[in-house]
Structures are given as C-alpha cells and as structure tokens.
K.L.:
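First the structure, which I've put down as structure tokens, then a few questions once you've had a look.
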Amino acid sequence: MFRRMSSWALVLPVALVLAGCGSGGPAAGGSKEVTVFAAASLTGTFTELGKVFEAAHPGASVRFNFGSSATLAQQIVQGAPADVFAAASPATMKTVTDASLAGSPATFVRNKLQIAVPADDPAHIDELKDLTDPKVKVALCAEQVPCGAAAAKALDAAGLQVKPVTLEQDVKATLTKVELGEVDAALVYKTDVIASAGKVRGIAFPEADQAVNDYPIATITEAPAGDAARRFVDLVLSQQGKDVLTKAGFEAP
C-alpha cells in the first residue's frame, strides 16, 4: 500500500497524515492500513477520528489524503489506491459511483458557508453584498470544487456578482488567503472559520441556507482494507463520530 500510494504522491498534490497505533480490539479482514480520501474541510475532524480508530484497533493505521473533492474523485477514477472516500458534495461522489468504484454512499454531515474576514476586518465587511465592491479583494474556491459551487449558488440566490482576485482549488487554500491578509474576504465553510481558532472572523448570511453542502461517505468497491475500511465508515456514522463532527461546526444531515 505504501509503495502504491507513494507513486501517486510524486505527481499529485496530496497531504498524507499517518497517526500512531493505540489499544483495543483488532481490525478484522483485509489490510490493517486504511487509506481515506477526504475533503480538505474534514482535515481536523478526520485526523481526530483516525486516532480514535487506531486506538480501538491495535496494529491498524489510517492514512489520509486531504484535498479538493473533485481532485480526489478524479484520482480514484484514475486508479489511485483508496479504501474510503468522503466528499464535500454528492456531485463529486457521483464521479466515483458512476464509475462503479464505490458502494452506496451515506450522507454523514452538512456544511454551510460563511464570509471569512481578517480578525480586524480592514474592509469593514458586514454582509454578502459588500463583496461586490470592486475595492474589496475577495477569494473564492474554483467553481468545479464543492465550496466554489456552493459560493456560486449562494451568490446567485442573492442576485449578486463578485469578481474574485483569486480562485483556489480547495477551501483550506481559500481560507489561507484571508489568514495571511492577502484578501479582504472569502467564502468558506463555517467549520473552517471555527478551525482557524480566531485567525479569521466568520459572518453568517441568509443565502447560505440555499447553498448547504451534504457530505457523503462510501467504501471503495475493491478496498484493499476490506472490513477495516467498513469499520472506519461505521465510526464516522456512529454517535462518537457525530459528536466529533458537530463539535467542529458541521450539521447533522
């Protein structure tokens, strides 16, 4: 598994997180290494759940490939080794299921957009229409990725047009532009604002209710990890998984 993953890591922009082993009952069936492809907005929560999983399954390990759901879906279709796919939208999951590469997905959380501004809010942003001011530098996710598709839907619902100074390939990169003070505002998920731990301030806006993203998760059809992959999905769908996710700002489906 490591050799197969490393060949993709040489050519694809992936972030791999490998947590240590713990104690508890063993993982049953298949490889004891579970490779999870997950949306960038799940980085904090899934890393935590990976540690929980390893603590419950001695000898098991979880590897994460975090990034844009659209990019991850294409990687899977092109043959990248994965056991589980957790996407930030049904549309990106459909890329994988349409190729008959994943089982039936289950929606495990929902996420909503907020306007992220620097803590001192130098542009004095109060509402969505403030982003239409040509003097305001705005970062958005590219429209082909879930956070960008949600932003486009929210702006359409508000009847607004925004000309971003940059289009990023995932929500973490978009948020970073705000954290570094390179832009005055960005549309990102509420969970990413919370995860910034005060580096940015989130502003809720009503049109976000019309652009909520459902997050589906599924095991890959021929997952090398077998039962271990299914057990990781079970953890995400469990009450323990829900508690970790809702604490981070995700909403129940």
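Treat the numbers as computed from the prediction; the structure is a model and nothing was measured.
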K.L.:
Locate the shortest heavy-atom distance separating A248 from T191; write the atom from each residue and the value.
P.N.:
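The pair with the smallest heavy-atom distance is O-CG2, 3.4 Å.
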
K.L.:
Measuring from atom CG of L49 to atom CD of Q240, what distance do you get when rounded to the nearest 0.5 angstrom?
P.N.:
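Rounded to the nearest 0.5 Å, the CG-CD separation comes to 7.5 Å.
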
K.L.:
What do you reckon, are the aromatic ring centroids of F46 and F66 less than 6.0 Å apart?
P.N.:
no

K.L.:
About how many Å separate OG1 of T174 and CG of D192, when rounded to the nearest 0.5 Å?
P.N.:
9.0 Å

K.L.:
For a 4.5 angstrom cut-off between non-hydrogen side-chain atoms, does T35 reach P81?
P.N.:
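T35 vs P81: side chains apart.
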
K.L.:
Would a distance-only check, ignoring hydrogens and angles, find a side-chain to backbone donor-acceptor pair under 3.5 Å from D83 to A229?
P.N.:
no

K.L.:
Can you tell if the side chain of D209 reaches within under 4.5 Å of the side chain of K112, non-hydrogen atoms only?
P.N.:
yes

K.L.:
Between T97 and F85, does a side chain to side chain contact (heavy atoms under 4.5 Å, CB included) hold up when you go through it step by step?
P.N.:
CA-CA 10 Å; T97 56; F85 181 35; over 6 Å; no

K.L.:
Which heavy-atom pair separates D170 from S68 by the least distance, and what is that distance?
P.N.:
CB-N, 3.9 Å

K.L.:
Distance from R201 atom CZ to D121 atom CG, nearest 0.5 Å?
P.N.:
5.0 Å

K.L.:
Under a 4.5 Å cut-off applied to non-hydrogen side-chain atoms, are L42 and F250 in contact?
P.N.:
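Yes. Closest side-chain heavy atoms under 4.5 Å.
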
K.L.:
Is there a path from I194 to V200 through hydrophobic residues (I, L, V, M, F, W, Y) whose side chains come within less than 4.5 Å of each other?
P.N.:
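No; V200 is not reachable from I194 via cluster members.
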
K.L.:
Flag the pair F205 / L187 as yes when at least one side-chain heavy-atom distance between them is below 4.5 Å, and no otherwise.
P.N.:
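With C-beta onward as the side chain, the pair touches.
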
K.L.:
Which pair of heavy atoms, one from E179 and one from S196, lies closest together, and at what distance?
P.N.:
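Closest heavy-atom pair between E179 and S196: OE2-CB, 3.5 Å.
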
K.L.:
Would you say I203 and V136 are hydrophobically clustered, going by side-chain heavy atoms of ILVMFWY under 4.5 Å?
P.N.:
yes

K.L.:
Are more than 12 heavy atoms, taken from residues, nucleotides or ligands other than E182, located less than 6.0 Å from that residue's CD atom?
P.N.:
yes

K.L.:
Can you measure from CG (L245) to CZ (R110) and round to the nearest 0.5 angstrom?
P.N.:
14.5 Å

K.L.:
Measure the spacing between NZ of K242 and OG1 of T45 and express it to the nearest 0.5 Å.
P.N.:
15.0 Å

K.L.:
Less than 4.5 Å apart, side chain to side chain, heavy atoms only: is that true for Q239 and D243?
P.N.:
yes

K.L.:
Under the criterion side chain to side chain contact (heavy atoms under 4.5 Å, CB included), I'd like the reasoning laid out for L131 against L160: C-alpha separation, chi angles, the key distance, then a yes or no.
P.N.:
CA-CA 9 Å; L131 305 188; L160 299 174; over 6 Å; no

K.L.:
Which pair of non-hydrogen atoms, one from V117 and one from V178, has the smallest distance, and what is that distance?
P.N.:
C-CG1, 3.5 Å

K.L.:
Could you give the side-chain donor-acceptor pairs of residues 87-96 under 3.5 Å, partners two or more places apart or in another chain?
P.N.:
from, atom 1, to, atom 2, distance (Å)
S89, OG, T92, N, 3.2
S89, OG, T92, OG1, 2.9
T92, OG1, S89, O, 2.9
K94, NZ, D98, OD2, 2.7

K.L.:
Transitively linked via ILVMFWY side-chain contacts under 4.5 Å: V171 with L167?
P.N.:
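Yes, V171 connects to L167 through the hydrophobic network.
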
K.L.:
Taking C-beta and beyond as the side chain, do K153 and E207 meet within less than 4.5 Å on heavy atoms?
P.N.:
no

K.L.:
In this structure, would V109 and V145 fall into the same cluster of hydrophobic residues linked by side-chain contacts under 4.5 Å?
P.N.:
no

K.L.:
Can you list the steps and then say if Y189 with L175 is a side chain to side chain contact (heavy atoms under 4.5 Å, CB included)?
P.N.:
CA-CA 9 Å; Y189 296 123; L175 182 69; over 6 Å; no

K.L.:
What distance separates T107 OG1 from L237 CG, expressed to the nearest 0.5 Å?
P.N.:
9.5 Å

K.L.:
Identify the two heavy atoms, one from I125 and one from A185, that lie closest to each other, and give their separation to 0.1 Å.
P.N.:
CG1-CB, 4.3 Å

K.L.:
So, T221 side chain and A102 main chain: donor-acceptor pair closer than 3.5 Å or not?
P.N.:
yes

K.L.:
Would E168 and T176 satisfy side chain to side chain contact (heavy atoms under 4.5 Å, CB included), going step by step from the backbone distance to the final call?
P.N.:
CA-CA 10 Å; E168 301 298 323; T176 297; over 6 Å; no

K.L.:
Are the side chains of S61 and K32 in touch, meaning some heavy atoms are under 4.5 Å apart?
P.N.:
no

K.L.:
Do V188 and L113 have side chains that approach each other closer than 4.5 Å (heavy atoms only, starting at C-beta)?
P.N.:
no

K.L.:
Is a salt bridge present between R231 and D234, judged by a nitrogen-to-oxygen distance below 4.0 Å?
P.N.:
no

K.L.:
Determine the minimum heavy-atom distance between T47 and F64, stating which atoms define it.
P.N.:
CA-CE1, 4.0 Å

